[in-house]
Amino acid sequence: MEKHPKIYEPDLDSPRGKGKFYNLMMFPYPSAEGLHVGNMYAFVGADIYGRKKRMEGYDVFEPIGLDGFGIHSENYALKIGKHPKKVAETTAKNFYNQLNLIGNGFAWDERLETYDPDYYKWTQWIFVQMFKKGLAYRKKAKVNWCPKCLTVLADEQVLAGECERCASKVIKKELEQWFFRITEYAERLLNDLEKIDWSENVKIAQKNWIGRSEGAEIVFSLEGASQPSITVFTTRPDTLFGATYIAISPELAKSWLDSGWQAPADVGAFVGRCLKAREVPRSDEEPSFAEATAGKEKTGIFTGIYAVNPVNQEKIPVWVADYVLAGYGTGAIMAVPAHDQRDFWFAKKYNLPIKIVICPNYPEKTCPMLDAAYEGEGHLVGSGEFDRMPSAEARRAIAGKLGAAIKVNYHLRDWLISRQRYWGPPIPMIHCEKCDWQPVPEEDLPVLLPDVKDFHPTGTDRSPLATVESFVKTKCPKCRGAARRETDVSDTFLDSAWYFFRYPDVENKKEPFSQARAKTWLPVDMYIGGAEHAVLHLLYTRFLTKVFHDWGLVDFDEPFRKFRAHGLLIKNGAKMSKSRGNVVNPDDYIKKYGADVFRMYLMFLGPFEQGGDFRDEGIAGVVRFLERVRRVFGGAQKGMADDGEVILHRSVKKISEDIDGLHYNTAISQLMILLSALESGCGEGERKIFLKLLAPFAPHTAEELWRKLGENDSIHRASWPEYDEAKTRSATAVIVVQVNGKVRDKFETDTGASDRELKDRVLLLPRIKEIMKGAMPKNIIIIPDHLVNIVL
RNA sequence: GGGCAGGUGGCGAAACUGGCAGACGCGAUAGGCUUAGGACCUAUUGCCGCAAGGCAUUGUGGGUUCAAAUCCCACCCUGCCCACCA
């Protein structure tokens with residue numbers, strides 16, 4: 001650890017040079033196997049970017065830490081039968097050693113680990129503030145439950161509907177849980193995407209995840225029900241005349257039954273069956289839409305109730321249907337079989353009427369026969385006064401006529417924070433019979449995770465902490481009466497949603513971070529990480545940042561100015577996995593080839609944002625390259641060849657631009673091209689420029705050769721080379737001569753030749769004359785310094 | 001089913017804003033160097049041809065253009081994410 005040369009020492013209070021540059025990479029969650037090559041890939045890519053910024057004169061802050069709390073670590077501890085805390089200690093050591101080996105310019109003094117009480121104290125503090133501000137609340141929610149392991153599982157631990165450890169069928173269990181009201185921020189999270197420079201695909205993923213849809217709430221009055229009316233949400237009020245039944249979710253039916261609805265006998269049984277079926281989470285194995293939706297039989301039952309369509313007073317039946325979701329909209333829909341595929345299947349099955357009200361054939365009179373729902377736009381038919389109106393217009397017209405409320409719905413759900421697990425920050429809440437839920441007073445934070453022997457899941461609905469009486473029993477902060485602590489811990493995503501605020505101020509004992517430090521260093525200038533976090537992690541960080549902004553802690557409301565997702569590394573064309581046995585262990589490669597070769601090879605595989613295919617054979621190229629570099633630097637100095645200067649200036653330009661655009665693979669090709677030029681002869685000036693260009697990629701080699709040239713200060717503090725645009729252009733150009741678009745000849749000439757000159761010269765070329773056979777060209781296209789195309 | 005990314009030599013991949021397809025690297029072949037092997041150096045590496053030269057070619061089929069890997073339309077395939085969201 002100490003061996004690492006500290007070349008990066010940002011001044012955290014007043015950044016030097018051109019100012020601060022916060023270069024962040026997603027911190028890893030340490031697993032037992034050690035740092036994954038995918039992490040290395042991400043970190044090296046991010047470090048190259050940061051190192052160039054440093055050489056450009058920015059004060060670069062590049063911190064690293066460990067996302068050590070959470071299920072991954074806990075499961076490993078369970079597996080090997082060691083306490084998570086002990087495991088964390090050893091894995092931390094390993095991880096930092098490995099991170100040290102890859103040669104990144106980390107700010108080693110500002111590390112943080114999420115399981116450190118000095119850190120999670122503030123994670124808990126955030127929870128308390130959330131509660132105080134009304135952003136944390138409790139409600140019932142379903143969790144995955146393994147009946148054999150007797151524990152709650154995270155979604156990612158459920159494989160094909162089975163527990164990943166014991167392969168028992170997982171069921172859904174309803175428990176009361178803590179939530180954060182992220183939905184309150186849905187609109188801002190959506191709109192503010194426009195003001196940040198992020199990979200476009202990630203923005204789109206977030207947009208879809210938030211899933212805004214605008215529609216109308218339409219009220220149908222009911223006959224024969226215990227309720228007077230029912231409200232449905234629809235994005236297509238224009239199809240209202242085509243509604244031939246109402247479908248309600250089993251959950252809604254259940255609540256009606258519970259509140260005294262006298263339903264036909266088999267309705268209760270049907271509802272029971274549906275709810276039971278929903279306890280089994282959908283498996284990964286079920287392929288495709290066919291199983292998940294289309295092929296999965298939609299079932300339902302008539303309730304005996306009728307609803308009155310408010311637009312035409314038509315009486316339509318009310319059904320309970322298993323395809324209606326409880327958690328979205330109002331839990332009830334108006335079914336329009338002609339214009340919704342699911343309703344169409346359902347209507348076919350139960351012989352319900354299918355009534356076309358949107359015709360795609362306007363102005364022709366005939367509407368098509370439907371063998372599937374028509375979900376597109378068209379003109380209204382069979383819709384009374386609205387006939388012939390375009391459907392888009394009719395949406396507003398029909399909703400308007402009914403005075404229906406315009407309503408915006410989001411797919412985004414509130415953030416479930418509770419985990420019935422051990423290895424996380426205890427949720428800092430106390431329950432008192434008299435005073436209900438009370439937050440732990442801030443001066444009592446952190447609520448330390450008790451160092452229990454038995455951290456195994458308990459077999460009840462509770463976290464293992466529930467069995468620790470000394471932990472559970474406490475006093476109510478309000479009335480001082482006997483009370484009990486919340487025993488669940490919080491989601492790991494909460495730990496990682498704010499860590500970058502803490503990095504510039506890890507020693508702070510009084511607050512999560514000082515406003516001064518935050519003002520100096522935040523927001524993050526460049527964030528690099530995996531696309532798999534496109535929604536959850538990146539959405540939570542944005543949410544929390546907006547919350548901090550609203551609390552007045554910071555004056556910005558987006559955490560990362562720029563975010564780029566790196567691609568996925570695969571091995572020999574296949575995804576790496578333990579079962580395939582094709583996992584690249586970075587340590588082996590670093591040991592064998594050294595960090596510089598490994599770094600460069602990773603970056604040379606393919607475009608950083610697209611990932612690459614790791615093949616052992618390919619490493620030789622980079623090994624040879626660095627050996628050639630040493631040979632050139634060991635050789636005598638002499639002048640460069642004639643075209644050397646152009647290649648040098650072009651290389652500086654290309655490599656600079658490529659690093660800025662994360663095109664590291666082509667930057668390395670250019671280094672290779674430049675090296676070939678240097679091999680034919682080079683002086684000290686060219687050597688230094690080359691080393692500077694090499695430094696971000698191969699920091700150790702570059703440093704060593706730099707010192708051999710007699711430099712006393714680190715190359716990583718040297719200035720990034722500049723180029724002269726004029727010198728990137730060569731004095732001559734090769735002109736391609738085409739006839740009818742086919743290349744027929746080429747010649748070299750001075751750059752800047754006029755169209756006239758080029759034309760005259762081309763027409764005199766013997767080969768061209770021969771091809772033309774005296775014919776008159778119809779047209780001659782001239783691209784200066786580049787190409788002449790003769791059209792015959 | 002939806003969203004996103006992608007499909008180019010034996011392989012990993014390049015190609016700015018439409019202008020020489022295959023940069024750079026791996027592998028392969030031949031030669032040099034070497035006692036030998038490795039390393040290294042040189043040349044070749046889409047097809048035909050001794051060569052000059054010719055021909056083909058960027059998943060498939062159409063189109064636009066003097067000119068298309070690049071733009072447009074339809075389709076096929078692969079990967080990732082989401083998935084009964086009314």
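Chain naming here is simple, since letters A, B, ... match the order of the sequence lines and numbering starts at 1 in each.
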Next on the checklist: What's D343(A) touching, base or sugar-phosphate or nothing? Going by heavy atoms closer than 4.0 Å.
Outcome noted: nothing
Checklist entry - When we call it a touch if two heavy atoms are under 4.0 Å apart, what does I204(A) touch: a base, just sugar-phosphate, or nothing? => result sugar-phosphate
Item to check | Aromatic contact, Y593(A) with Y601(A) (centres under 6.0 Å) | outcome: no
Next on the checklist: Considering every strand and a 4.0 Å limit on heavy-atom distances, what is the contact class for V202(A): base, sugar-phosphate, or nothing?
Outcome noted: nothing
Checklist entry - Which part of the nucleic acid does R767(A) contact within heavy-atom distance under 4.0 Å: base, sugar-phosphate only, or nothing? => result sugar-phosphate
Checklist entry - What does N208(A) touch in the nucleic acid at a heavy-atom separation under 4.0 angstrom: a base, only the sugar-phosphate, or nothing? => result sugar-phosphate
Checklist entry - Between D760(A) and R756(A), does at least one N-O distance fall below 4.0 Å, as a salt bridge requires? => result yes
Checklist entry - Any donor-acceptor pair under 3.5 Å between the side chain of K778(A) and the base of rC66(B)? => result no
Checklist entry - So, does the side chain of N789(A) form a donor-acceptor pair with the base of rC66(B) at under 3.5 Å? => result yes
Next on the checklist: Taking the basic N atoms (NZ, or NE/NH1/NH2) and the acidic carboxylate oxygens, is any pair closer than 4.0 Å for R395(A) and E377(A)?
Outcome noted: yes
Next on the checklist: Counting the atoms with a prime plus P, OP1 and OP2 as sugar-phosphate, which does V736(A) contact under 4.0 Å by heavy atoms, base, sugar-phosphate, or nothing?
Outcome noted: base
Item to check | rA56(B) OP1/OP2 closer than 4.0 Å to side-chain N/O of K742(A) | outcome: yes
Next on the checklist: By the 4.0 Å heavy-atom rule, please label L325(A) as base, sugar-phosphate, or nothing.
Outcome noted: base
Item to check | Nearest to side-chain heavy atoms of F604(A), which nucleotide of rC40(B), rA56(B), rG12(B) | outcome: rG12(B)
Next on the checklist: Regarding Q341(A), tell me which of base, sugar-phosphate or nothing describes its non-hydrogen contacts under 4.0 Å with the strands shown.
Outcome noted: nothing
Checklist entry - Touch check for K203(A), heavy atoms < 4.0 angstrom, all strands: base, sugar-phosphate only, or nothing? => result nothing
